[in-house]
Peer 1: 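So that we are looking at the same thing, I have put the structure below in structure tokens.
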Amino acid sequence: MNSSHTSLPRIAVLATGGTIAGEAGDAAKTSGYKAGVVGVDKLLGAVPSLAQVAQIQAEQVASIDSKDMAPALWATLCARVNALLAQDDIDGIVITHGTDTLEETAYLLHLTVKSEKPVVLTAAMRPATALSADGPLNLLNAVTVAASRASWKQGVLVAFNNQIHCARDVTKTSTYAVDAFRSPEGGALGWVQDGQVEFQRSVVRPHTLHSPFQMSAELPAVEIVVSYAGASRAAIDAFVAIGVKGLVIAGTGNGSLHSTLQQAVVDAVKQGVAVVRSSRVGAGHVMRNGAAPDDALGSLTAGALNPYKARVLLMLALSAGTAPADLQRVFDTY
Ligand code: SIN
């Protein structure tokens, strides 16, 4: 799809699949459809007004349900984003993605894209074939955000349901609602509506050009373990036995661990495994030596990162060869 308005910003749309590209046999169905089947040209074709916002070039990078996202595709996507943004004739990128792991991909790119230009992820809760599909407007809004000069230097953004979120803060909070994405601690960065973009706060922590991390297809193995009533240490012991380099604990409350897990953590750390405490609560932050004695356990704390994003940061930090003594500083910084 090429616009004739040659003075408009040039935006590359990279499609990866998801419900935004989902297809159901029945327009009334918003579940039980197949994600990632509608091609990027058809997605763009459903939004003719894009031609008034940007000159678009489109690429189908993948066609997956994002539950199957994996480091090899992250590496491909990150390399493609960095290559496109290095071109003078590209002003920004929009990535269409499934909602299920969007927040992980967004945060990974936030730390590994090396450009000031906008990168905006978007998605949909309803398939492309649904009555009141939310994908077309989300796509138009994402391109509007990517085409806006105000979006430069803001890191990787998520445009969803008229809101603009920081990749670090945003998380999926509903299995079905069209306002599924929230930034529980700081709130949205801004909004987009009818062609207007406004940022109401800016991103504080370093990202993109100010992040030292690089994406590599071979990320170290880091797994997530949950603490809950009656939790056993079996999962931690099994992960350590297969040689993981890191573990993120999705703890209760302020990242507290069932007492059976505490001893397992001590044993894992003795084996050289980096262990990060985060919370399964979905909002708030985990304080060092707050709900568990990190100095005694040898554990680290994730702050406000949820377990899935803490895992992304730990993989990148370990991949960069960060010394164990420096890992807490990494979590306190990025
Ligand atoms: C997916 O994550 O690919 C499927 C679910 C969705 O996009 O909402």
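In each ligand, atom 1 is the first atom listed, and ligand 1 is the first ligand listed.
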Peer 1: Is the shortest side-chain N to carboxylate O distance from Asp65 to Lys34 below 4.0 Å?
Peer 2: no

Peer 1: Could you identify the single nearest non-hydrogen protein atom to atom 3 (O) of ligand 1 and state the distance to 0.1 Å?
Peer 2: Ser66 N, 2.6 Å

Peer 1: Residue-level breakdown please: for Ala124 versus ligand 1, do any non-hydrogen atoms fall below 4.0 Å on the side chain, on the backbone, on both, or on neither?
Peer 2: backbone

Peer 1: What residue and heavy atom of the protein are closest to atom 8 (O) of ligand 1, and at what distance?
Peer 2: Thr99 OG1, 2.4 Å

Peer 1: Any N/O of Thr19 closer than 3.5 Å to an N/O of ligand 1?
Peer 2: yes

Peer 1: For residues 130-146, which residue pairs pass the side-chain hydrogen bond (donor to acceptor under 3.5 Å, both in side chains) check, not counting sequence neighbours?
Peer 2: none

Peer 1: Any N/O of Asp65 closer than 3.5 Å to an N/O of ligand 1?
Peer 2: yes

Peer 1: So do Thr171 and Pro184 actually touch side chain to side chain, heavy atoms under 4.5 Å?
Peer 2: yes

Peer 1: Side chain or backbone, does His97 bring an N or O within less than 3.5 Å of an N or O on ligand 1?
Peer 2: no

Peer 1: Do Tyr228 and Arg280 have side chains that approach each other closer than 4.5 Å (heavy atoms only, starting at C-beta)?
Peer 2: yes

Peer 1: Kindly indicate whether the side chain of Val330, heavy atoms from C-beta on, has any atom under 4.5 Å from the side chain of Leu300.
Peer 2: no

